[in-house]
Q: 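Shown below is the structure under consideration.
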Amino acid sequence: MNSQDKGVEKKSGQKSQNPSSFTVFWRNKYARIGLIITVGFFVMGFIGPLVYPAPKIDLTEIFAPPSLAHPLGTDYLGRDTLGDIIYGTGYILEVTFIAALIGTGIGVAIGIASGYFRGAVGSLLMAITDIVLTIPGMILILVVASVVRSGNPLIVAGVLSVTAWAGFARAIRSQILSLRSSIFVEEARLLNLSSFHIIFKELMPNVMSYTAINFIFSVQGALFASVGLYFLGVLPFSAYNWGVMLSEATSFGGFLAPSLAVYLISPIAVITLFTVGLIYLSFGIDEVFNPRTRRR
Amino acid sequence: MDELQEVGIQAKTSLLYFDNVSVHFEIKGMDKPLIAVDGVSFSMNDGELAALVGESGSGKSTLGRVVVGLQKPTSGKALFRGKDIYKLKGKAFLEYRRSVQLVHQDPYAALNPALTIYESLAPALRRWNIVDKKDTRKAVSSMLEFVGLRPENYIDKYPNQLSGGERQRICVARALSVRPKLVVADEPVTMIDVSLRLSIVDLLLNSKKQFGTSYIFITHDMALARYFLLKGGGGKLMVMENGKLVEMGDVEEVINNPKHEYTKKLIESVTE
């Protein structure tokens, strides 16, 4: 490359180059808060257990109020509530993010394939999707979960995404159907660009914003579903789990006295905070993937 | 016999040769099909200019789509270099596909909103191996320069940051990027601000001068068609009404001595 070219590139860098994705993201106040919260949970989940002592059963400390030793008090077995939350975070993150990845991945793949390849393939994929859509999701999850009875995060995530992809696949398909007959795709065909190019370069970017948002909402859905499954006791009880905590707090004395409110509210607050973080994060993701929001 | 042979030779040597081409659309709930194009015959040679004039609904856009390979005719022959466009295969199809391009009426819909200008223009260059991979950015820059846009101000922009005129220039750049022999420009300036229209038309003519590109310029505006052909050094004026080609001839001749009532009406409506 000669010096003249460099000059041109440099100029374009100063004058008209688009702001980087992160800059666009960071400009949004909500996105900033969401990112900080979500990253905070990851730090808590994966670094927390290294620095915070594991909660132990201590029958001399049952239902202790918040103190320096136990910032959020203790539960009915004298275990440290904050410790329970910290040690439960990693598992929740694994389950919810893997479930969202599976659900969103299958949804995008089937949605795009059935929207782009009309004919036998598309019809078959949509028939399968429609059948899955008619199955009541939460009940199927309950049944499958009580049969499987595994605490393995991969398996739980798989169970949670059994039906989660179907509605999303349909939504993506309808977007692809309208996009594939758009004029810019027609132009790409006139230039003899490949189906691979059209799918991945012309169509995909147009559904990325929606996909990312769906991913975030899937994490949220998987969080509620997994907490619900543990709360109902469908999945095997394991130590350190927000759902289990919530279940225990309600059945083993969380309502007994006002002084125990911290014990009951802690898992609820942490689930709510995680959800809020995800929703705020989705605001920023929308800005990043939606070129219309990228201003000069 | 002689006449037939002559037609045969013309069909083979012409860039484009249409013989009695019709397009019918079957519409549900209607007994008769809609006749969009009705027995149209014409031919185009390399480097020739043609303007296709008619009111909306006259079938001129449908005819344009037949030319670029997007609308299979119901009957008649649509030949490119002597071969039926809709039966082309392999190498011949690829040559046709590269040689005939379209500039669409709506520059707002013709560019992918999710891609930057570079991302919209580069794939075609790569697809046809027009430049080496490392020179792609430079080639896109020079394309932008050709259509009168400063590359550094446009190459990384998204379409939504540009005006209609700027977008149409980019669409022209994209159509010309594969060095086509024939470009169908379907109402290319209708959606553009009046003050910028002629500059886009001049841009098309510029490419004719530089690369010898043929044009079929579709418009409802007789004055614009005349400007296009006269400024481009003459060409064929074709007038379409209700799917039929009612008049065809050299632009000056048709304008000065129109034979068909409809053509007269169109010309009068301009001069008044």
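Chain A is the first sequence line, chain B the second, and so forth, proteins listed ahead of strands; every chain is numbered from 1.
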Q: Give the member of B:V178, B:V68, B:L102, B:V100 that has the highest number of heavy-atom pairs under 4.5 Å with chain A.
A: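 It is B:L102.
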Q: Is the closest side-chain heavy-atom distance between B:P113 and A:N206 below 4.5 Å?
A: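 They are in contact (side-chain heavy atoms under 4.5 Å apart), so the answer is yes.
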Q: Applying a heavy-atom distance below 4.5 Å, give me the residues of residues 78-99 of chain B that approach chain A, sorted by number.
A: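 Near chain A, by residue number: B:F93, B:L94, B:R97.
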Q: Okay, side chain of B:R127, backbone of A:N192: is any donor-acceptor separation there less than 3.5 Å?
A: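 Yes, the answer is positive, given that a donor and an acceptor are paired below the 3.5 Å cut-off.
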Q: Does a side-chain heavy-atom distance below 4.5 Å link A:P205 with B:L115?
A: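 A:P205 reaches B:L115 side chain to side chain.
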Q: Is it the case that over 12 heavy atoms from other parts of the model lie below 6.0 angstrom from the CZ atom of A:F224?
A: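 Yes, CZ of A:F224 has more than 12 neighbouring heavy atoms, counting only those of other groups under 6.0 Å.
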Q: Please answer whether the main-chain N or O of A:L190 pairs with a side-chain N or O of B:Q101 as donor and acceptor at a distance below 3.5 Å.
A: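 Pair found, side chain donor or acceptor close to backbone of A:L190.
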Q: Distance from B:S120 atom OG to A:E187 atom CD, nearest 0.5 Å?
A: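 Spacing of OG (B:S120) from CD (A:E187) equals 10.0 Å.
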Q: Can you list the residues of residues 162-185 of chain A that sit under 4.5 Å from chain B, counting heavy atoms only?
A: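 Those residues of residues 162-185 of chain A which have a heavy atom under 4.5 Å from chain B are A:I183, A:F184.
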Q: Atom OH of residue position A:Y280 - does it have more than 12 heavy atoms of other residues, nucleotides or ligands inside 6.0 Å?
A: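 No, OH of A:Y280 has 12 or fewer neighbouring heavy atoms, counting only those of other groups under 6.0 Å.
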Q: Quick one: do B:E119 and A:K201 satisfy salt bridge (charged side-chain N to carboxylate O under 4.0 Å, His left out)? Show the steps, please.
A: CA-CA 9 Å; B:E119 289 165 337; A:K201 299 282 167 63; over 6 Å; no
Q: Let's go through A:E186 and B:R65 carefully: what are the C-alpha distance in whole Å and the side-chain angles of both, what is the deciding distance for side chain to side chain contact (heavy atoms under 4.5 Å, CB included) to 0.1 Å, and is it a yes or a no?
A: CA-CA 11 Å; A:E186 188 179 285; B:R65 290 176 71 81; 3.2 Å; yes
Q: Pick one of side chain, backbone, both or neither for B:R126, based on which atoms fall under 4.5 Å of a heavy atom in chain A.
A: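 For B:R126, there is no contact with chain A at all, as no heavy atom is under 4.5 Å.
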